[in-house]
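First the proteins, then the strands, lettered A, B, ... as listed; each starts at 1.
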Amino acid sequence: MSSYHLDHLGYLETEAIHIMREVAAEFERPCLLFSGGKDSICLLRLAEKAFRPADLPTPFLNVDTGHHFPELNEFRDRRAAQLGGKLIVRKVEDAIAAGIAVPSPGEISRNRLQIPTLLAAIEEFRFDCAIGGARRDEEKARAKEWFFSFRDAFGQWDPKNQRPEVWNIYNGRVNPGEHMRVFPLSNWTEMDVWEYIRREQLQVPTIYFSHRRKCVRRNGQWLPVTDLLPPREKEEVRDLVVRVRTIGDIISTGMVESPANTIDDILAEIAAARVTERGTRADDKSGEAAMEDRKKQGYF
Amino acid sequence: MSPSIELLRFNTCGSVDDGKSTLIGRLLYDSKNLMEDQLEALERSADLTGGGQINLANLTDGLRAEREQGITIDVAYRYFATPRRKFIVADTPGHVQYTRNMVTGASTANLAVVLVDARQGVIEQSRRHTYLSSLLRIPHLVIAINKMDLVGWDESRFLEIREEFESFLPLLDIKDVKFVPISALNGDNVVDPSPHTPWYVGPTLLGHLETVHIASDWNLNGFRFPVQWVNRPNDPQNAELHDFRGLSGQIAGGTVKVGQKVMVLPSGLKSTVKGIRTYDGPMAEAFCPQSVTLQLSDDLDVSRGDVLVGLDVLPGMSDELHARVCWMQPRPLQRGRKYFLKHTTQTVQAVVTALESRINIDTFEAEPQPAELAMNDIGEIRLKVSKALIYDGYATNRLTGSFILIEPGTNQTVAAGMLLPPNEAVKPEYNDFAI
Ligand SMILES: Nc1nc2c(ncn2[C@@H]2O[C@H](COP(=O)(O)OP(=O)(O)O)[C@@H](O)[C@H]2O)c(=O)[nH]1
């Protein structure tokens, strides 16, 4: 080694590994939220770095809205199996049937209904910590989120009742029934995530790369045409070469027209992009404070 | 591969209306880190609140409640990059909760930007911010003298403010200080050099952020390795892994080489580093702040909370501590109170045995024997802990010299603590006979 000096990915990596190990050491029943999306793919690699050659100490938990891209679920199952991890999937469908999640009349989006489903899963397995892949650069309301985000017995996040984080010392103490959400990628940007995926040669679901897809124009976005989202009369439908930048549900994820076929292409595209990634998700457009409201109720 | 670029963490401080939000907005905007939807959101909110005028400051205002009250609480983190470096900005707004927030943002910073309104010059807050930067041992400081456009770009005003700072800087522990005349609003000397300051020959603010030498900001003198997690695969199928026992953690000081002798504290047992293991393969040497897994040549009983140290520079070890603390919660700190204390990777019980002084952060003077420390106060205290800590003075090592206090019951983090240097180091022959 020529100099004692980490580059930016090296710094972000050691910070995240440190946090993962703190979780493993201090919590009794932690889990890792794994969706198959790019951020949680990085989380899994960081878990390997933190804990190998031992087994990964946390099961993987995913809330399946029933509106997932099939490519995403396929990838999720395959990756979890490769790592020899235990994958727990809890479905919004089942939560609705059990009366845990109650849709309001005419509510099609499963976004809000993920929250009670997740909280019920946390209760079911008595998880005291859930590691998630959220990043502060995704959204203004996340900019003040700490690495260790405290949730009360109702799973709620109270911006006024968080614990200041100093140096690399994290306070993970919770009382029974309360839990912690931990975000090791807090300091990562979209660019860092893709640079890390490139450096680590990580596989990602195919929908991140350019493909042909029938899309419908709605609310200024191109949404994928599926059985769940048939075009309405007079709506513009086109066959486009697209990819996703951030994956939400298949009924609300805006596709971006893109020829990007490789990680390098994606990196070049982000470097030149003029829209932040959350700009492609319809669920965030409803209001600038929309994310903040969902977070208070226990969103990821 | 992308070229290897460094990450610089800095915090911005200034009192209300000195132009912090404008400056951060300007840095994001001029370094082309603003995206269309952010700009759009900015324009939309300008219509609602700003009488139609785009306000760069809106970019960095976070939560809705705060926006509605027109103030910002807590610390917000921002990210931007230039081709030369990546940056993490801790935005610590100036108001009542200021000390607590600034301590939080400053604890991980390489550099602090203290903003001063050129019209006002050095005010109470400027002294505070500079003092806190020094207390937290932020290695680099930039005094950005803002709103120079409002004083006619007058060089003598700039020099006057600079001299005022220089009159009290020697009382503090800051080695690297730069002064930059700027206008955050118009962008002068923020990203591009200003045509209005021919008398200023230094770098622009961003130019300085891109080039200041930060490679030696971590402590590389005196190996410290708080054991975080013991890695034991216990795999009966695999001969190599069957007996594998690794000590995982983040190096908190110095460097470590395969073959190096180390001492385990508190036991005092010595051993040799047999291997440095990472997911990416074995390493011959590792350094602070890397996260690694160490294997020792002897099968010692080592667990979380133990610390591996090099034999050249030894830490202190004591259950009686002397520290500066920043008090962070409304219920005041009083003598006799009990807390949990978390230091590196262990949590012990602590009782406050004495309140020695309260530091007046405007005059930098210590007021002896205060009855209590209130929220946002800084003071020197003595603590007795249930198990000896292995530590360094904060001035030598920010990671092994810092701790937090946690209130039992509420589990709130109530203090950030910085240890004063130990009276004596552990002796190298400590416990030799026990082997
Ligand atoms: N003339 C002038 N006004 C400035 C400058 N920087 C900030 N301001 C104005 O000062 C006011 C307060 O700035 P703001 O960024 O909100 O301050 P903060 O409270 O420190 O975040 C706003 O009206 C800004 O437009 C500057 O360099 N020159």
Only pairs of heavy atoms separated by less than 4.5 Å count here; which of [options] has the most with chain A?
options	result
B:Arg85, B:Arg398, B:Lys86, B:Glu6	B:Lys86
B:Leu399, B:Val230, B:Thr255	B:Thr255
B:Asn238, B:Val292, B:Thr278, B:Val414	B:Val292
B:Thr104, B:Thr108, B:Leu8	B:Thr104

Take atom [atom1] of [X] as the centre, draw a 6.0 Å sphere, and report whether it contains more than 12 heavy atoms from other residues, nucleotides or ligands.
X	atom1	value
A:Glu257	CD	yes
A:Arg126	CZ	no
A:Gln82	CD	yes

At a 4.5 Å cut-off on heavy atoms, which part of [X] comes close to chain A: side chain, backbone, both, or neither?
X	answer
B:Tyr77	both
B:Leu241	side chain
B:Tyr394	side chain
B:Thr410	backbone

Compare every heavy atom of [Y] with every heavy atom of [X], then report the nearest pair and how far apart it is.
X	Y	answer
A:Asn175	B:Gly409	ND2-O, 3.1 Å
B:Arg9	A:Tyr11	NH1-OH, 2.9 Å
A:Ile169	B:Phe403	CD1-CA, 3.6 Å
B:Tyr279	A:Arg52	CD1-CG, 4.0 Å

Are [X] and [Y] close enough that some pair of their side-chain heavy atoms sits under 4.5 Å apart?
X	Y	result
B:Trp229	A:Phe51	yes
A:Asn187	B:Tyr79	yes
B:Ser402	A:Val166	no

Based on non-hydrogen pairs under 4.5 Å, which of [options] is most in contact with chain B?
options	result
A:Ala24, A:Pro53, A:Gly10, A:Ser186	A:Pro53
A:Glu178, A:Glu165, A:Arg173	A:Arg173
A:Glu22, A:Met191, A:Gln162	A:Glu22
A:Ala50, A:Pro164, A:Pro57	A:Pro164
A:Asn168, A:Asp264, A:Leu267, A:Leu12	A:Asn168

When you look at B:Val75 and A:Trp146, which way does the side-chain contact (heavy atoms from CB on, under 4.5 Å) test go after all the steps?
CA-CA 9 Å; B:Val75 186; A:Trp146 300 113; 4.0 Å; yes
Would you give the length of the straight line joining atom [atom1] of [X] to atom [atom2] of [Y], rounded to the nearest 0.5 angstrom?
X	Y	atom1	atom2	answer
B:Thr293	A:Lys49	OG1	NZ	12.0 Å
A:Glu26	B:Gln228	CD	CD	9.0 Å
A:Trp167	B:Leu136	CH2	CG	6.0 Å
B:Ile88	A:Arg136	CD1	CZ	8.0 Å
A:Ile17	B:Gln250	CD1	CD	9.0 Å
A:His18	B:Ile251	NE2	CD1	13.0 Å

Closer than 3.5 angstrom, by distance alone: can the side chain of B:Thr413 be matched with the main-chain N or O of A:Arg163 as a donor-acceptor pair?
no
